[in-house]
Amino acid sequence: MELYKTVSGPGEAEQIIDKSRFIAHVMPVETKDEADAFLSEIRSRYKDATHNVPAFVIGDKFQIQWGSDDGEPQGTSGAPMVQMLVKEGITNVAVVVTRYFGGIKLGTGGLVRAYTGSAKLGLEAAGICRVMEIVRLKVRMDYTHLAKVQNAASDVLPEAGAGGAEFAIENVEYSEKVMLHIVTLPECRDGAVSVITNITSGTAELAGEENALSKIK
């Protein structure tokens, strides 16, 4: 089940619009303190810039939303970036768009397009991903069953309701027996166990299980 979208990691993008230089920096964050620290870092790095416009959205339900125009005309930069993030369903992210003024005024509409467009370029550079609930299983089995279980697995985590393989293999440990680290979706968990049980004729052992959140592109 997809909970929300966020970014895979930090990202940076730059564009020139009517001689003004716009630099977008994007960072995944989990708390307001992390977002504030990121904003302080960018402001310090670009302290000679005309504007450092921040926006961040935090929480799986977009509980925290904040932006500032940082001296640009009210409602032309920070707020539109926040609105864009919420509209796109992207959270747990902080964005700062730095502007070096080039001498040509862009007007209200031009500023909105410049800042949101720069933020989108930053998001693309960071890489947008889905955050999903997953189940990780550790399964111990005889080597004789390894190839068949690997053939039954998917190369990537299956989509809910997509059919086909019910699980993917993250890692394999080789010892007296083989230990598979398997990832699946909550709704596919029983199906994954059933497939492995059938392949191994009930000899596979469930050695561990945990629920977690995972970023999936």
**OP:** Walk me through it: do Val139 and Val149 pass the test side chain to side chain contact (heavy atoms under 4.5 Å, CB included)?
**Re:** CA-CA 11 Å; Val139 180; Val149 173; over 6 Å; no
Original post:
About how many Å separate NE2 of His181 and NZ of Lys138, when rounded to the nearest 0.5 Å?
Top reply: 5.0 Å
**OP:** Among residues two or more places apart or on two chains, list those pairs meeting salt bridge (Lys or Arg N to Asp or Glu O under 4.0 Å) that have a residue in residues 76-91.
**Re:** none
Subject >> Set of side-chain contact (heavy atoms from CB on, under 4.5 Å) partners for Leu146, sequence neighbours left out >> reply: Gln150, Tyr174, Val178, Leu180
**OP:** Write down the atom of Pro54, the atom of Arg43, and the distance for their closest heavy-atom approach.
**Re:** CG-NH2, 4.3 Å
**OP:** Search all heavy atoms of Ala168 against all heavy atoms of Ala153 and return the closest pair with its distance.
**Re:** CA-CB, 4.5 Å
Original post:
Is any side-chain heavy atom of His25 less than 4.5 Å from a side-chain heavy atom of Pro10?
Top reply: no
Original post:
So, for Ile17 and Ala114, which heavy atoms are closest and what is the spacing to 0.1 Å?
Top reply: CD1-CB, 3.6 Å
Original post:
Is the count of non-hydrogen atoms from other residues, nucleotides or ligands lying under 6.0 Å from Lys177 atom NZ greater than 12?
Top reply: yes
**OP:** Please confirm whether the backbone N or O of Thr91 pairs with a side-chain atom of Thr6, one donor and one acceptor, at under 3.5 Å?
**Re:** yes
Subject >> Path from Val95 to Ile23 over hydrophobic side-chain contacts below 4.5 Å >> reply: no
Original post:
With side chains defined as the heavy atoms from C-beta onward, is the minimum distance between Leu123 and Leu85 less than 4.5 Å?
Top reply: yes
Subject >> Within residues 49-80 or reaching into it, pairs that qualify as ring pair (Phe, Tyr, Trp, His ring centres under 6.0 Å) - sequence neighbours excluded >> reply: Phe56-Trp66
**OP:** State plainly whether one hydrophobic cluster holds both Val97 and Leu106, where clusters connect Ile, Leu, Val, Met, Phe, Trp and Tyr through side-chain heavy atoms under 4.5 angstrom apart.
**Re:** yes
Original post:
Can you tell me how far CD of Gln65 sits from CD of Gln83, rounded to the nearest 0.5 angstrom?
Top reply: 9.0 Å
Subject >> Thr184 side chain to Ala192 backbone, donor-acceptor under 3.5 Å >> reply: no
Subject >> Cluster check Met141, Ile182: I/L/V/M/F/W/Y, side chain < 4.5 angstrom >> reply: yes
Subject >> Gap between atom OG of Ser214 and atom CZ of Arg136 - 0.5 Å precision >> reply: 5.5 Å
I'd like a table of donor-acceptor pairs (distance under 3.5 Å, sequence neighbours excluded) in which one partner is a side-chain atom from residues 70-79, with atom names and distances.
residue : atom : partner : partner atom : Å
Asp70   : OD2  : Asn52   : N            : 2.6
Glu72   : OE2  : Arg99   : NH1          : 2.9
Glu72   : OE2  : Tyr115  : OH           : 2.6
Thr76   : OG1  : Pro73   : O            : 2.6
Ser77   : OG   : Asp69   : OD1          : 2.9

Subject >> Value rounded to 0.5 Å, distance of CZ in Phe167 from CZ in Arg189 >> reply: 13.0 Å
Original post:
Who passes side-chain contact (heavy atoms from CB on, under 4.5 Å) against Ala55, sequence neighbours left out?
Top reply: Met81, Val82
Original post:
Does some side-chain heavy atom of Thr31 sit less than 4.5 Å from a side-chain heavy atom of Ile58?
Top reply: no
**OP:** Could you tell me the separation between the OG1 atom of Thr98 and the CD atom of Glu14, rounded to the nearest 0.5 Å?
**Re:** 10.0 Å
Subject >> Glu176 atom CD: more than 12 heavy-atom contacts under 6.0 Å >> reply: no
Original post:
Linking I/L/V/M/F/W/Y whenever their side-chain heavy atoms sit closer than 4.5 Å, directly or via other members, would Leu137 and Ile199 fall into one cluster?
Top reply: yes
Subject >> Least distance between heavy atoms, Ile196 atom then Ala204 atom >> reply: CG2-CB, 3.9 Å
Subject >> Summary of side chain to side chain donor-acceptor pair (under 3.5 Å) pairs that have at least one residue in residues 100-113, sequence neighbours excluded >> reply: Asp48-Tyr100
Original post:
For Ser40, does its backbone N or O pair with a side-chain atom of Ser44 as donor and acceptor, under 3.5 Å?
Top reply: no
**OP:** Identify the two heavy atoms, one from Ala126 and one from Gly9, that lie closest to each other, and give their separation to 0.1 Å.
**Re:** CB-O, 3.1 Å
Original post:
Do Val195 and Leu206 belong to the same hydrophobic cluster, where Ile, Leu, Val, Met, Phe, Trp and Tyr are linked whenever their side-chain heavy atoms lie under 4.5 Å apart, directly or via other members?
Top reply: yes
**OP:** State the CG-CD distance between Asp142 and Glu205, to the nearest 0.5 angstrom.
**Re:** 8.5 Å
Original post:
For Ser118 and Ala24, which heavy atoms make the closest approach, and how far apart are they?
Top reply: O-CB, 3.2 Å
Original post:
Would you call Ile42 and Met27 a side-chain contact if the rule is heavy atoms closer than 4.5 Å?
Top reply: no
**OP:** Could you please spell out the steps behind the side chain to side chain contact (heavy atoms under 4.5 Å, CB included) verdict for Val57 and Ile90?
**Re:** CA-CA 8 Å; Val57 178; Ile90 301 170; over 6 Å; no
Subject >> Charged N-O contact under 4.0 Å between Arg45 and Glu41 >> reply: yes
Subject >> Contact check, side chains of Pro186 and Val135, non-hydrogen atoms, under 4.5 Å >> reply: yes
